[in-house]
Structure formats: C-alpha cells, structure tokens
Number of protein chains: 2
Amino acid sequence: MSRPPASGDVFRAVADPTRRGLLDLLAAEDLPVNDLARSFDMTLPAVSQHLRILREVGLVRERREGRQRFYHLRADPLREMAAWVGQYERFWRRKLQALGAHLERNP
Amino acid sequence: MSRPPASGDVFRAVADPTRRGLLDLLAAEDLPVNDLARSFDMTLPAVSQHLRILREVGLVRERREGRQRFYHLRADPLREMAAWVGQYERFWRRKLQALGAHLERNP
DNA sequence: TTGACAATTAAGCTTTAACTTAAATATAAT
DNA sequence: ATTATATTTAAGTTAAAGCTTAATTGTCAA
C-alpha cells in the first residue's frame, strides 16, 4: 500500500519560515538548489535538507537537468491547509461585520 | 513597546495536531480546560501548556469563571495563514482547469 | 582520466518541543 | 479552618528539529 504522502504533516512542513520562503521563491519560477540557497543565510546542505522535507510531503518535485536539480512547486498538498483554515473564515468575517454595523450606527 | 503578538509563529502554533484539535473544539463552543483535556490522550498539564502557546499567539482567550477557566477562540491570527495559503490557490485551480479541459477534449 | 561543480547524505552538536510527575495557586464547599 | 476542585507552573526527561562540517555521488569539461 502506498500511503498518501505524509498528509497532515503539511502543517509541520510549512511551519518553518525557511521552507515557506522556498515555496514562495518556487511560486515564481523553477530553480536549482544553488539559486534557492542564495536567498537564505545558511549552508547549502541545510537548504537541501529543507527541500527533502518539502519533497516528502509532496510540496515540491525535483527535475534533473545536467548536474543541476531544478525544483518545482506542487501546491496541491496545501489544499488541506486551505480547507482547514477556511473553516475559521466565518469567525473573522463575523467580527468584521460587527465592526461594520457598529460604524454604521456611530458614523 | 507591545510587539504584535508573536505573528509568524501562528504557523508553528498550528503545526501541532493537538493544538489544531483544541481550536476545532473551541470553534463549536467555549470550554473549560478540563472539558478540553478530556478529548486528548495526555495529562491535563500537557493540554494546559498547549493552551498557553495558543494564548501567546492570540488564538485563544481565557475567561475566569469561578474556579474554571473557559477558553474562547480568537480566529483573527489565522488570517495571516489564510492569506499566505491563498496565494497558492491559483496553482491548484490552474491544475483543475487543465484537467477539465482535458476531459472535454477526451470525453 | 583528472579535476571542478552541483547536490545529497552522513555524522555529530545544540536547541527546542512535547511530554511526565510533583508542587503551587486560587476558588469553592463543608 | 480544612479539604476538594480546577488549573497552572516548575523541574526533569526524551525525542525531534535545525544546523554544521566532512564525506559521497553524479555529471560535465579540460
């Protein structure tokens, strides 16, 4: 059985600011590890390890091109997060609405 | 100076499944710690510590009532997360659209 | 084929997280 | 006053994260 690639741990994968930064970069364009690493204040292996974690939860894919490895964003696993956080939208919407009503009463 | 209540660490706060569970419970109703703790397979202090972390990032508030402490959801800090993950929506939307187009060509 | 480059894996270290049990605090009930 | 209840804080343990340097693998170029 091939289990769904570490679902649930998407939250943990994305908890780290470096990893969110990596995803943000990859949202713009596919990039090789060296280029990615330049944006962060840590060694190349460290970035490589972060990429491994993103790979494990399916948030990025690797494509080999010569001796470089281009990373490509796969956003799908984030849908789980979007769905979860979406359930809370009504709470802040409710509050905004209350604020609006208040401003209307007290213009 | 009162710094913005630990913004950015909302991701980390919510990375833990127990803490997400707590928020999910509180989305339905305000509850005292004991009632909250019953839902989890760990000691009361452990749950109390999770609640502290949620408090620190402003995701819950405490209201004292007799000797109980009712916790109340404050969803606002999740907006940061919603905004971040929302930026990725276009990616899976694009993919769904591609799938749709494919199915139309190959009915 | 030797050497340089791109990246990962291995090994080790330090910090942080997530628990536990025990002690402390605060309120309520007897 | 004592005792019980609700919760937190303290102290200590274990495991996982996040780094680093060093060693390894694979590809290109001279």
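In what follows, chains are A, B, ... by sequence order, proteins preceding strands, each numbered from 1. Small disclaimer: the values here were computed from a predicted structure and weren't measured.
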Would you kindly give the CZ-to-C1' distance between B:Arg12 and D:dA16, to the nearest whole Å?
-> 12 Å
Just checking, is any N or O donor in the side chain of B:Asp76 or A:Tyr88 under 3.5 Å from an acceptor N or O on the other one?
-> no
Please check the phosphate of D:dT7 (OP1 and OP2 only) for any side-chain N or O of B:Asn34 closer than 4.0 Å.
-> yes
Run the numbers on A:Arg55 and A:Ile53 for side chain to side chain contact (heavy atoms under 4.5 Å, CB included), then give the verdict.
-> CA-CA 5 Å; A:Arg55 246 187 287 127; A:Ile53 288 171; over 6 Å; no
Using atom CZ of A:Arg69 as one end and atom C1' of C:dT9 as the other, report the distance to the nearest whole Å.
-> 11 Å
Qualifying residue, where the test is side-chain contact (heavy atoms from CB on, under 4.5 Å) with A:Tyr71 and the options are A:Leu25, A:Leu22, A:Leu26, A:Asp35 = A:Leu26
Using atom CG of B:Asp35 as one end and atom P of D:dA6 as the other, report the distance to the nearest whole Å.
-> 9 Å
Could you tell me whether A:Glu65 and A:Arg69 make a salt bridge, using a distance below 4.0 angstrom between a side-chain N and a carboxylate O?
-> no
Ignoring backbone atoms, test whether B:Thr43 places a side-chain nitrogen or oxygen under 4.0 Å from the OP1 or OP2 oxygen of C:dT20.
-> yes
Distance in angstrom units between B:His50 NE2 and C:dT16 P, rounded | 18 Å
Rounded interatomic separation in angstrom, taking CG from B:Leu51 and C1' from C:dA18 | 14 Å
Just by distance, with hydrogens left out, do B:Arg61 and B:His72 show a side-chain donor and acceptor under 3.5 Å apart?
-> no
Under 4.0 angstrom between A:Tyr71 side-chain N/O and C:dT8 OP1 or OP2 = yes
C:dA7 P sits how many Å from A:Leu36 CG, rounded?
-> 9 Å
Please evaluate the base of D:dT20 for a donor-acceptor partner in the side chain of A:Gln49 within a cut-off of under 3.5 Å?
-> yes
Report which part of the nucleic acid A:Phe40 touches: base, sugar-phosphate, or nothing (heavy-atom distance under 4.0 Å, all strands).
-> nothing
For the side chain of B:Arg52, counting heavy atoms from C-beta on, which of D:dT9, D:dC19, D:dA6 is nearest?
-> D:dT9
What is the distance from CZ of B:Arg67 to P of C:dT27, rounded to the nearest Å?
-> 11 Å
Selected nucleotide, minimal atom distance to B:Val33 side chain, candidates C:dT21, C:dA7, D:dT8 | D:dT8
CD1 of A:Ile53 versus C1' of D:dA17: gap in Å, rounded?
-> 8 Å
Give A:Pro45 one of three labels, base, sugar-phosphate or nothing, depending on what nucleic acid heavy atoms sit under 4.0 Å from its own.
-> base
